[in-house]
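I have placed the structure first, in the form of structure tokens, so that the comments after it can refer back to it.
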Amino acid sequence: MNVLIINSGSSSIKYQVIDMTTETVLAVGLVERIGEGVGRLKNTVRPETDAHETVLEQPIADHRQGMELAIGLLTDPAQGVLRDGAAIGAVGHRVVHGGEDFSGSMRITPQVIEALERNIPLAPLHNPANLDGIRVAMEIFPDLPQVAVFDTAFHQTMPPRAFLYAIPYELYEQDRVRRYGFHGTSHRFVAGECAGLLGRPLAECNLITVHLGNGCSMTAIENGRSIDTTLGMTPLEGLVMGTRSGDVDPALHLFLKQNKGMELEAIDDLLNKESGLKGLCGMNDMRDIHRAAEAGDRRAALALEVQTYRNRKYLGAYMAVLGRVDAIVFTAGIGENDAVVRAESLRGLEHLGVVLDAGRNTERSREARCISSAESRVRVFVIPTNEELAIGRETATVVTGKEQ
Ligand code: ADP
């Protein structure tokens, strides 16, 4: 079955078509600047073999027009990978916030849409954009099964002691204020791959998965289930990210208001867009930060140190929570590529049974691999994440009822 995977943002749509029988990517595309002056659509067919790229630049009024342009290219008789729309068997949608309503992927029904609308206050930027993508796909493919795959679902197994904030309980009961966690599709995917490498069922694995990209999060996984994670009610808490602060004292809001005259919205912007690595050193791409640090930029070195120290602190916390840890898994842009960040994040954890193999850690490869030394009690892996493939697998599982 070919699955169309859609990740719909406020002014963009990312998509892929994957043949789930062979797990081959047939096409990948990005529609950008929807509703702005000139929009842009880039579609690449067969990216893994004889890639053929098409770029369109024209006004793209809304998500519907963007999706129709993309479908036009995918079904183009000359070079499209699908002869007609019917060659797609199902559509899988990435949905950021499923709140407490969803602990797994769901076939989209009017009730599911209602629940997504109910959860808009928890993700006011993301859920409306995801809903736009769902509505457009349902209009274009009214007869195809559509599946929602939630960033939050994997973390719904967290116990109350991990998901509750120590604030008046009524805020949880009435307004659902709690930790939800995000990046769940990625954590679940690399955990599954890791179980395969360890040669046992995921349900018997205790893991710490470390997703370090622009957004960063860490998850403690006990017997295959998420029991704690660093992102919170929104994707701002926890680790130091590209432009997001991660943990700060919540009283910082009041301080900034009283001493800098900032409004709440400006403070939210500061913490989400101007903080993290960027706030500390002016750069948020880790490659630039390394170059600057090597050239003697002290703030770049400090940003690296603050980020890896925070990683180490949470690794220690999750090792304490889990007791037995079979493996630590690094993934996403930084986690997969940055040997220095990995080594610094694990520095000094030898007494807890984590010993890196320096040679394996610095080897460059796109493959999943073990980077700990033979005597390490806790194995350490680098495992590339693939959220689109994970959404494709989930969608196929929901539609066929068979685990992929
Ligand atoms: P997103 O969270 O947007 O999906 P990615 O997982 O693609 O992000 O990660 C993007 C980040 O990964 C970049 O901002 C950059 O800091 C980092 N990155 C990518 N390649 C490398 C590399 N070779 N070395 C170090 N960091 C890298």
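Keep in mind that what you see is a predicted model, and the values were worked out from it rather than measured. Counting starts at 1 for both ligands and their atoms, in listed order. The first residue in the sequence is number 1, and the count goes up from there.
Nearest protein heavy-atom neighbour of atom 23 (N) of ligand 1: Asn337 CB, 3.3 Å. Among all protein heavy atoms, the one lying closest to atom 15 (C) of ligand 1 is Asp285 OD1, 3.5 Å. Atom 25 (C) of ligand 1 has as its closest protein heavy atom Asp338 OD2, 3.6 Å. Scanning the protein for heavy atoms near atom 6 (O) of ligand 1, the closest one is Gly333 N, 2.9 Å. If you check which protein heavy atom lies closest to atom 1 (P) of ligand 1, you get Asn214 N, 3.8 Å. For atom 17 (C) of ligand 1, the closest non-hydrogen atom of the protein is Ile334 CG1, 3.5 Å.
Listed by number with element, the atoms of ligand 1 under 4.0 Å from a non-hydrogen atom of Ala332 are 6 (O). Atoms of ligand 1 lying under 4.0 Å from any heavy atom of Gly215, numbered from 1 in the order shown and given with element: 2 (O).
The pair Arg291-Asp297 does not count as a salt bridge, with every side-chain nitrogen at least 4.0 angstrom from each carboxylate oxygen. The existence of a salt bridge linking Glu23 and Arg393 is confirmed by a sub-4.0 Å separation between a basic side-chain nitrogen and an acidic carboxylate oxygen. Taking a cutoff of 4.0 Å between a charged side-chain nitrogen and a carboxylate oxygen, Arg369 and Glu363 do not qualify as a salt bridge. Under the 4.0 Å criterion applied to side-chain N and carboxylate O atoms, Arg94 and Asp151 are assigned as salt-bridge partners. In summary, Arg118 and Asp101 engage in a salt bridge, as defined by a charged side-chain N under 4.0 Å from a carboxylate O.
Crowding of Arg312 atom CZ: a count of heavy atoms from other residues, nucleotides or ligands under 6.0 Å exceeding 12.
The one candidate from Arg178, Arg179, Arg310 that meets the salt bridge (Lys or Arg N to Asp or Glu O under 4.0 Å) condition with Glu237 is Arg179.
Residue contacts with ligand 1: Leu212 is placed with no nitrogen or oxygen under 3.5 Å of a nitrogen or oxygen of the ligand (distance criterion only). For ligand 1, the polar-atom distance check finds no N/O of His211 at less than 3.5 Å from any of the ligand's N/O atoms. Residue-to-ligand polar distances place Met286 within reach of ligand 1: an N/O pair is separated by less than 3.5 Å.
Two residues are said to be in side-chain contact when any heavy atoms from C-beta on lie closer than 4.5 Å; Ile328 and Phe381 fail this criterion.
Counting protein heavy atoms under 4.0 angstrom from atom 8 (O) of ligand 1 gives one or more.
Remark: Ser373 OG to Asn361 CG distance equals 11.5 Å, nearest 0.5 Å.
The shortest heavy-atom distance from Gly242 to ligand 1 is not under 4.0 Å.
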